[in-house]
Asker: 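Got a structure here, written out as structure tokens. Questions coming.
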Amino acid sequence: MECKPLKRKLYFRALKKIMKIRYKKPRFVYLGEEISGGALIVSNHEGTDAPMSLEIYLDKPIRMWGASEMNSGLKSLYKYQTQIYYHEKKHWNIHLARLFCLIASPLTHLFYSGLDLISTYHDAKLVVTMRESVRTIQSGCNIVAFPEDSTNGYLAELEGFHEGVVLFAEVCKMRGIDLPIFVTYFRKSDLTYIIDKPVLYSELAANGRGRAEIARILCDRCNELGKIDLDSKEESSNSKRKIS
């Protein structure tokens with residue numbers, strides 16, 4: 001399914017040009033077919049580097065999932081950034097985080113307003129996330145999710161994936177969509193975004209696999225991508241195997 005990149009608002013496009021000073025263009029390496037439209041892209045987070053690299057440089061139509069706190073007003077965003085993002089996930093001193101976010105949060109709020117995030121929830125409102133996400137896929141746009149368990153911070157070796165992405169694939173299947181899933185890994189050390197060949201949800205769910213097992217398979221593959229030696233022909237060839 002082909003779809004042109006989404007057209008962002010003028011102020012947001014100008015803001016992205018400024019942000020290229022901070023976020024340099026990565027090398028996008030495809031191990032299979034390129035992303036077109038109507039797919040789920042799962043990735044490690046690597047702080048803000050992975051999301052910003054995709055938004056600024058990936059020439060594909062995408063909408064990202066984001067915690068509802070990031071998308072629910074400046075006050076909610078400030079609390080989330082100080083306590084959750086900078087203090088708990090990035091291990092900043094809480095007082096430094098609060099001071100920094102007095103400046104950072106208003107700028108982040110402006111950026112998120114242009115990003116058109118799909119809010120994710122941990123309660124009954126998750127149905128809102130699923131409904132909006134299915135509509136996005138049906139429109140030919142791609143969903144980007146960063147499902148890693150970041151309890152101990154954003155790590156190079158991911159400790160696990162949350163199962164929400166698998167639930168979303170199940171919901172799509174019930175709507176008649178066998179969702180293609182692209183597992184990706186942003187390697188900050190050499191500014192490389194590695195994009196695996198897509199795997200259909202039906203293939204992952206074969207043989208009665210449950211959500212937890214599928215989430216583990218996706219996470220393991222993400223970690224494998226991060227370790228690929230792209231200069232080694234032998235390992236690069238092996239990396240193209242199908243997830244099974």
Asker: Give a yes-or-no answer on whether the side chains of Tyr78 and Thr108 include a donor-acceptor pair shorter than 3.5 Å.
Answerer: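 No, Thr108 and Tyr78 have no side-chain donor paired with an acceptor closer than 3.5 Å.
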Asker: Please indicate whether Ile103 has more than 12 foreign heavy atoms, meaning atoms of other residues, nucleotides or ligands, lying under 6.0 Å from its CD1.
Answerer: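 Counting other residues, nucleotides and ligands, CD1 of Ile103 stays at 12 neighbours or fewer.
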Asker: May I have all residue pairs that pass salt bridge (Lys or Arg N to Asp or Glu O under 4.0 Å) and include part of residues 119-134, sequence neighbours excluded?
Answerer: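 Pairs touching residues 119-134 that pass the test: Arg63-Glu132, Glu132-Arg135.
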Asker: Going by side chain to side chain donor-acceptor pair (under 3.5 Å), Ser150 matches just one of Glu88, His45, Lys90, Lys89. Which one?
Answerer: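 The single option meeting the side chain to side chain donor-acceptor pair (under 3.5 Å) with Ser150 is Lys89.
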Asker: Given Phe28, which of Tyr193, Phe182, Phe186 fulfils the ring pair (Phe, Tyr, Trp, His ring centres under 6.0 Å) condition?
Answerer: Tyr193
Asker: Is Lys173 paired with Asp178 through a side-chain N to carboxylate O contact shorter than 4.0 Å?
Answerer: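 Here Asp178 does not pair with Lys173 in a salt bridge, since their nearest N and O are not under 4.0 Å apart.
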Asker: Are Thr48 and Tyr23 close enough that a side-chain donor and a side-chain acceptor fall under 3.5 Å?
Answerer: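 The criterion, which ignores hydrogens and geometry beyond distance, is satisfied for Tyr23 and Thr48.
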Asker: Listed by chain and number, what are the side chain to side chain donor-acceptor pair (under 3.5 Å) partners of Thr129, not counting sequence neighbours?
Answerer: none
Asker: Go through it in stages, so that I can follow the logic: the residues are Lys60 and Glu34, the test is salt bridge (charged side-chain N to carboxylate O under 4.0 Å, His left out), and I'd like the CA-CA distance, side-chain angles, deciding distance and then a yes or no.
Answerer: CA-CA 10 Å; Lys60 307 294 179 184; Glu34 291 198 10; 3.3 Å; yes
Asker: Can you tell me how far apart CG (Asn223) and CD (Glu159) are? Round to the nearest 0.5 Å.
Answerer: 9.5 Å
Asker: Within a strict 4.5 Å, meaning less than it, do heavy atoms of the Met19 and Met52 side chains meet?
Answerer: yes
Asker: To the nearest 0.5 Å, how far apart are CG in Leu191 and CZ in Arg27?
Answerer: 10.0 Å
Asker: Compare all side-chain heavy atoms of Ile137 with those of Phe168 and state whether any distance is below 4.5 angstrom.
Answerer: yes
Asker: Measure the spacing between NZ of Lys24 and OG of Ser53 and express it to the nearest 0.5 Å.
Answerer: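 Result: 11.5 Å between the selected atoms.
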Asker: Does a salt bridge link Lys16 with Glu55, judged by any charged N lying under 4.0 Å from a carboxylate O?
Answerer: yes
Asker: Can you measure from NZ (Lys227) to CZ (Arg187) and round to the nearest 0.5 angstrom?
Answerer: 11.5 Å
Asker: Quick check: Tyr80 with Tyr85 (ring centres under 6.0 Å apart)?
Answerer: no
Asker: With sequence neighbours left out, which residue pairs that include part of residues 95-107 fulfil the side chain to side chain donor-acceptor pair (under 3.5 Å) condition?
Answerer: Gln81-Ser105
Asker: Rounded to the nearest 0.5 Å, how far apart are CD of Glu170 and CG of Leu179?
Answerer: 11.5 Å
Asker: Output the distance between atom CG (Leu158) and atom OG (Ser43), rounded to the nearest 0.5 Å.
Answerer: 8.5 Å
